[in-house]
Structure formats: C-alpha cells, structure tokens
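Quick note on labels: first sequence line is chain A, next is B, and so on, each numbered from 1.
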2 protein chains.
Amino acid sequence: MGATISSKATSAQPSRSAAGEETRERIVETAERLFAEQGLSVSNRQIGEAAGQSNNSVVGYHFGAKADLIAAIVGRHTPDIEARRAAMIETLSDGPRLRPWLLALVKPVTDHLSSLGRKSFYARFLAQVTTDPTLRQLVVDRWLATETMRVVTEGVTERLPSLAPEVFAERSDMMRYLIVHALAERESSLHARRPTARASWDEAADGIVDALLGLWRAPSSTRPEG
Amino acid sequence: MGATISSKATSAQPSRSAAGEETRERIVETAERLFAEQGLSVSNRQIGEAAGQSNNSVVGYHFGAKADLIAAIVGRHTPDIEARRAAMIETLSDGPRLRPWLLALVKPVTDHLSSLGRKSFYARFLAQVTTDPTLRQLVVDRWLATETMRVVTEGVTERLPSLAPEVFAERSDMMRYLIVHALAERESSLHARRPTARASWDEAADGIVDALLGLWRAPSSTRPEG
DNA sequence: GTTGATTTGAGACAAGTGACTTACTAAGTC
DNA sequence: GACTTAGTAAGTCACTTGTCTCAAATCAAC
C-alpha cells in the first residue's frame, strides 16, 4: 500500500484518531533532538527506535521523505514564534528607531526557546538545516517567508533608506547567519552546562540586537552599484 | 594488516613514493568537493569512486577515519592562507585603526579563494564542518588556533579596550559565523552562476569588513558583568 | 634485473538502511 | 454484530557502507 502511505504523508493532518498522533509527536521530538545533537545524517531507523517504536518504517509511514520530517519539525515551532512576533509587531510605533524592529526579529525566537527550558534543541537543529546545501531552501521558505517576517523586514528596510539594495541583501544574509548560529551556540552551551556570555535568553537577545544594530548602521566603504 | 593502515594514517606524511601522492591528492580534492556540494554524509566509497579508484577502501587506506580526511582537507588550504596573512601582518602599523586588522583576518581567505577560481569549494566545506556538532572542534583547532590568527585576534582586542571580555568573546563567535557563511554563500552563488552582491572577492572582503567594523563598534546596551 | 615495500584492483563479508509486506490490534461506521 | 480504517509489530528484500583479504602492479634502491 505504498500509495496509501504517500497520500497520508502529503496530506496535512491525516490521522483523525488521536492514537497515532501521540507517537507521531514523539517521533518529531526525537528527530529534532537527534538531528541537533548528531547532525542530519541520522537514519530514520535510529529515530524510530529512539522514539520507542518497533516498526522499521514508522518514520516513513507517518512522514514521507526526510524533507517532510524536517518540515514537520519546523512546523512544530513556527506557530508559537509567529504568534509572539505578531503580538510584538502590534506594540511597534512608526518612529525611526531601528532597535525595536530588530528586537521583534530576535526576541520571539529567544522567548520561544526560553519557554522550552533546557530540553530545547530547535536552535541547533535550525543551524544544521540552514547550512545543509540540500535542505536549506526548505527552511528559508517555511521560516523566513512568513507574514510577520515580511512585515518586520519591511520595517527594517524603511529605517535604512540610505542603504544600497545590494548591501541590504548582503547584510540580511549576514544577519541570518549571526542570529541562527548565535542562538545555536548558546543553546549548546546551556545543554552542556558550559558558561555563557549572557545569563538569560532575554539578555542574549539584547546582545544579538546590539550587534545587529552595529551591523546595519555600519557605513559601506564602496558602493557596489555604480 | 589493519595495524599497518592505522600507523600510516596517524603518521603525518607516510608516503615517500610520489606515486600514491597523486591519488591521495585527488581523493582530498574530490572529498572537499562532495562535502561542499552534498554535505558531510557522503560515504568513503562515493569519494573513492568519484576519485576514479576501484578499491573500496582507498579512502580508509590513505586516511584513517573521516576526521583525518577532514583534517587533510583543511591542511591543504591552511599553509597558503597562513602565508598570505603573515605577509599582511608585516604591513600593519601600530595605529589605533581597527579596519586593517579585520582586513588581515578576511582578505587572506578571499585571496586564497580567488586564486582557486570557480573550482573553489573550501568556503562551503568550512561552513559545513564548522556547523557539524561532532567535527566542529577539529576545525576550530586547526584553522582558528594558528599563529597568525592569534596575532590578529590580539591586535583586534587591543583596539577595543572598552569592550567587556564576555562581549568580546560573544562577538568573536558572531564574527566567525558571519565570515564563514558569507564566504560560503558567495562561493555557492559563484558556482551556480547566480548574481552576487559584490563583483569580486576583493570587494566581498570589503563588504564583510564593513559589517564587522559595525559589529565590533556597536555599543553594548547591557553590561553582562556586574 | 632483482628484491622488497608500497600502492592499487577486485572481491568477500557483516552490519545497517530504506522500502515493502503481512498480520494483529484498536477504534470508529454502518 | 459485521465491516472498514488507522496504527503498530515483525519481518523480508535489495542495496549501501565500512572493513578485511589477497593478488597484481608499481616503484625505489641495490
């Protein structure tokens, strides 16, 4: 019944029975953890076993290919982050200050990570996926193309009118690397009980936004466009 | 003769005959390319085959574990980059300007990448390895713990006397993420013939240093130490 | 040219992997 | 109560992977 499997995997929420939903959830959790700790080369079998399933192909049954599993992991965190950012956007004024907009970019994520406690793996997971040459686009689409991200990006652009478009694109990418890997680094340190530069996720967000403000405000020595 | 293989792999340059050196070189080249393009999960077999070898265990024969192969790839590029940076350090004055020191950090790498032409994969390879939770430390040791890196880091520190140590450490990491992934992004775009923000590696280095200057100069809103 | 060590070709082998099949269980539907 | 459906267990199959073995080939030094 390969067709049945495929149709299930592609449809959004196929299981009406709550029975399978729990193991499905446990698989996503386990996959996120293993990916974050050991890299993306972890096999579906290992994930299934670590999730306490005896069936070799559970992962393939509930999700289709590895990309679908990745998407499910991202989808598990996106709603909360989006809600937090949407609420934060409401409080933003029309003033020229850039910092609140950058904070609206970072803080929803740090708040989310903070709410997960020490059993958070999402930051490290994101760092892995955004770096993988084959899976990267998937997360860029699902995570960075959301409505709130569009709004905030626009807000940042409006507050940097003198910046050439090429430089803006260049530094947008830089901002992404900086945020994702800084969060992953801190999450990793927390998990390993290593010392961190900041005492809390809130302060970490402040530190990142400080750096981002400098990044954006830095003068461009050469104008890449004529 | 597993012992023979191990002893060979662990010793620095075991092959005295120039015959094997060529295939050894071809394997390292191929591995670097495949890792950069497809991620680090590429198998030794695939690497050996892609390098035109019929022996299943060539990779295991010339190098030991995967970590040794990674180290060999890094070692292939390190001398040139180090030489360029050493030469650049010579020209640095004792003045308070920060930019030349940051340029001494970035430009040796961009010069090296530029010298490789469009068949460069090292930037993407580095991005992969530095993100992998299991292999990361290896590259941090071999690439960031060199003598010239120590000198430049010290130079940067001296030109930022007012920065708290925790913030300095925090932003050093941020700088690393920014450089590595910005270079990888540009290399990838070049290879795919996508448009890039900067016309040349030299200009790319300028763009990165611009951003780094802002990153370092940014005021810290909270003092993490009392 | 012969010798001895190194390198390569060719293949065997067990372990691991993804895809698939079958059987059993539990839940909901008529 | 019979019937359909989703989910799990258990196992099969073809394939890949890392390791090992052994013979052929290459090369340096004598």
Side-chain angles (χ1 to χ4, degrees), chain A residues 1-31 34-35 38-72 134-135, chain B residues 1-31 34-35 38-72 134-135:
Chain A
M1 306 252 175
T4 308
I5 294 172
S6 310
S7 66
K8 273 190 52 52
T10 49
S11 64
Q13 278 128 359
S15 64
R16 294 146 210 164
S17 76
E21 195 60 27
E22 190 182 318
T23 60
R24 187 185 160 92
E25 176 69 12
R26 210 179 315 172
I27 289 172
V28 180
E29 270 181 35
T30 310
L34 293 182
F35 284 152
Q38 305 177 25
L40 299 171
S41 50
V42 181
S43 71
N44 284 357
R45 253 184 156 95
Q46 288 179 300
I47 296 169
E49 283 181 17
Q53 300 294 310
S54 313
N55 188 351
N56 286 334
S57 357
V58 240
V59 179
Y61 175 78
H62 284 286
F63 313 88
K66 172 168 283 187
D68 298 308
L69 177 58
I70 304 280
T134 65
L135 294 170
Chain B
M1 306 254 173
T4 307
I5 293 173
S6 312
S7 65
K8 270 189 56 53
T10 46
S11 64
Q13 278 128 357
S15 63
R16 294 144 208 163
S17 78
E21 197 59 29
E22 189 182 317
T23 62
R24 188 184 159 94
E25 176 68 14
R26 211 180 313 173
I27 289 172
V28 181
E29 272 182 35
T30 309
L34 294 182
F35 286 152
Q38 306 176 26
L40 298 172
S41 49
V42 181
S43 70
N44 283 357
R45 253 186 156 93
Q46 287 179 300
I47 295 169
E49 286 180 16
Q53 299 294 310
S54 312
N55 188 351
N56 286 334
S57 2
V58 240
V59 179
Y61 175 77
H62 285 286
F63 312 87
K66 173 168 283 191
D68 298 309
L69 178 56
I70 304 281
T134 63
L135 294 169

field: Check: L135(B) main-chain N/O paired with K66(B) side-chain donor or acceptor under 3.5 Å
entry: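 No.
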query: Under the 3.5 angstrom rule, does the side chain of S43(A) hit a backbone N or O of Q46(A) as a donor-acceptor pair?
result: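 Judged by distance alone, yes, a pair lies under 3.5 Å.
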message: Just verifying a value: how many Å separate R45(A) CZ and N55(A) CG, rounded to the nearest 0.5 Å?
response: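 Output value for this atom pair is 9.5 Å.
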field: Distance (rounded to the nearest 0.5 Å) between N44(B) CG and I27(B) CD1
entry: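 Going from CG on N44(B) over to CD1 on I27(B), the span is 9.5 Å.
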Rounded to whole angstroms, how far apart are [atom1] on [X] and [atom2] on [N]?
X	N	atom1	atom2	result
R24(A)	dT8(D)	CZ	P	11 Å
E25(A)	dG7(D)	CD	P	15 Å
N55(B)	dC22(D)	CG	C1'	11 Å
E22(B)	dT26(D)	CD	P	14 Å
D68(B)	dG18(D)	CG	C1'	15 Å
F63(B)	dT19(D)	CZ	P	14 Å
E21(B)	dC27(D)	CD	C1'	15 Å

task: Please check the phosphate of dG7(D) (OP1 and OP2 only) for any side-chain N or O of T23(A) closer than 4.0 Å.
output: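 No, because none of the side-chain N or O atoms of T23(A) sits under 4.0 Å from OP1 or OP2 of dG7(D).
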field: Beyond-backbone contact of I70(B) with F35(B), side-chain heavy atoms, under 4.5 angstrom
entry: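 Contact flag for I70(B)/F35(B) side chains = yes.
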- prompt: Would you say the side chain of R24(B) lies within less than 4.5 Å of the side chain of E21(B), judging by non-hydrogen atoms?
  reply: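 Yes - at least one pair of side-chain heavy atoms lies under 4.5 Å apart.
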Would you indicate which nucleotide in [options] comes nearest to any side-chain atom of [X]?
X	options	answer
H62(B)	dA10(C), dT7(C), dT8(D)	dT7(C)
Y61(B)	dA10(C), dT6(C), dG7(D)	dT6(C)
S57(B)	dT8(C), dT19(D), dA10(D)	dT19(D)

Can you name the atoms? Protein N/O to nucleotides 14-18 of chain C N/O, anything below 3.5 Å, with the distance.
{"residue": "dT17(C)", "atom": "OP1", "partner": "S43(A)", "partner atom": "OG", "Å": "3.3"}
{"residue": "dG18(C)", "atom": "OP1", "partner": "N44(A)", "partner atom": "N", "Å": "3.1"}
{"residue": "dG18(C)", "atom": "OP2", "partner": "N44(A)", "partner atom": "N", "Å": "3.3"}
{"residue": "dG18(C)", "atom": "OP2", "partner": "R45(A)", "partner atom": "N", "Å": "3.2"}
{"residue": "dG18(C)", "atom": "N7", "partner": "R45(A)", "partner atom": "NH1", "Å": "2.5"}
{"residue": "dG18(C)", "atom": "O6", "partner": "R45(A)", "partner atom": "NH1", "Å": "3.4"}

message: Here's a test for you: under side-chain contact (heavy atoms from CB on, under 4.5 Å), which of I47(A), V28(A), T30(A) qualifies with V59(A)?
response: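 Considering I47(A), V28(A), T30(A), a side-chain contact (heavy atoms from CB on, under 4.5 Å) with V59(A) is found only for I47(A).
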